[in-house]
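Right, one structure below, let's go through it.
All ligand and atom numbering here is 1-based and tracks the order in the structure.
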Amino acid sequence: MAFLEKLRRSDYLIRQHHPHEVGAPILRAANLSVRYENVSALEDVSFELEEGERLAVVGPNGAGKSTLFKVIAGVQNPTEGQVHVYGHEPGGHICIAYVPQRSQVDWSFPVSVADVVMMGRIGKLRLFRQPRRCDWDIVQDALEVVRMQHLAKRQISELSGGQQQRVFIARALAQEAELMLMDEPLSGLDINSKNDIFQIFDKLRQHAVTILVAMHDLQMAAERFDRVMLLNVQLLGLGTPAEVFTSEKLVQAYGGHLRLIHTDEGVLAIEDTCCGEGEEV
Ligand code: ADP
Ligand code: MG
């Protein structure tokens, strides 16, 4: 993707990244626990991610997926444990882009597509400096990557669900994010919009952008991701879909809310019957 190469090489960008610790993994979570009053959302979760990998995070509603993303993004403090991104605490790390669940965003806010994408550059702009021509060029290029350039002036309230997700991906691109946390970006999208998003993910992979995607569709997680994380407050598994989606672990995660279908190859076709996909706005 010429655009990302241009960004990496550009010398006009003001680099405010935390210095990355040499040899540190892009993401390391150590003994993370989060309690909200009397609810335990995460218990003793530890894992590491490699640069450039694409990880699906699955688990029933209330499993702690959104909480995990908020802790990694630095917008929620863990009750115990730590997260390190390239060896540093996440707060202020502008190499992390967090795309919240669609239901948590106020889509009626009167702002254009280009403005939303420019918000990704805010961390890059020198204090008291207005966006420059080159910032708007980067916004335009980011919109081209997600094929939304023709809608740059459109209000975000007037977009479809798939277009809204693409705008948020463009914002993450403009931010030059190295780690993207996407909370249920596929929920409520039709199959064409889902395929569009996966095509963009494939492009990002070529540039070693690491992506975590919370989702409900286990079949899609198994087919389209290198590794999957199965979460239900505790970390039940992290590995290839074959390693993680075993009937034993799935029953641990979903209890009775799951249909397991054994196929000839011994593969499980599986359906999360408790939540469906969706949680639309
Ligand atoms: P998921 O995204 O997997 O559905 P969440 O991280 O949203 O899970 O929620 C995990 C648990 O924490 C749930 O039991 C939820 O009700 C609870 N929870 C989430 N956010 C809050 C909050 N701000 N205050 C109290 N409880 C919360
Ligand atoms: Mg959630």
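- Looking at heavy atoms from C-beta onward, L55 lies out of side-chain contact with F225 at the 4.5 angstrom threshold.
- Taking every heavy atom of A63 and a limit of under 4.0 angstrom, the matching atoms of ligand 1 come to 1 (P), 3 (O), 8 (O).
- Contact record, R224 with R54: O-NH2, 2.7 Å, taken as the closest heavy-atom pair.
- Atom numbering of ligand 1 starts at 1 in the shown order; those under 4.0 Å from a heavy atom of V39 are 12 (O), 14 (O).
- A side-chain donor-acceptor contact under 3.5 Å links S66 and D183.
- Side-chain contact between F201 and V209 is absent, with no heavy atoms from C-beta onward closer than 4.5 Å.
- For E158, the side-chain contact (heavy atoms from CB on, under 4.5 Å) partners two or more places apart in sequence, or in a different chain, are R154, Q155.
- Checking only distances, A41 never comes within under 3.5 Å of ligand 1, N or O to N or O.
- At a threshold of 2.8 Å, the Mg ion (ligand 2) has no backbone or side-chain N, O or S atom of T67 nearer than that distance.
- Within the 4.0 Å heavy-atom cutoff, G59 does not count among the residues contacting ligand 1.
- Using a 4.0 Å cut-off between heavy atoms, P60 contacts ligand 1 through its backbone alone, with no side-chain atom that close.
- N61 lies apart from the Mg ion (ligand 2) in this respect, since none of its N, O or S atoms is found at a distance under 2.8 Å.
- At a 3.5 angstrom cut-off on N or O pairs, T67 counts as close to ligand 1.
- Interface of N61 with ligand 1, defined as ligand atoms under 4.0 Å from a residue heavy atom, comprises 4 (O).
- Applying the ring-ring contact (aromatic ring centres under 6.0 Å, His included) criterion to F168, with sequence neighbours excluded, gives W107.
- Closest approach of S157 to S108, counting heavy atoms only: CB-CA, 4.2 Å.
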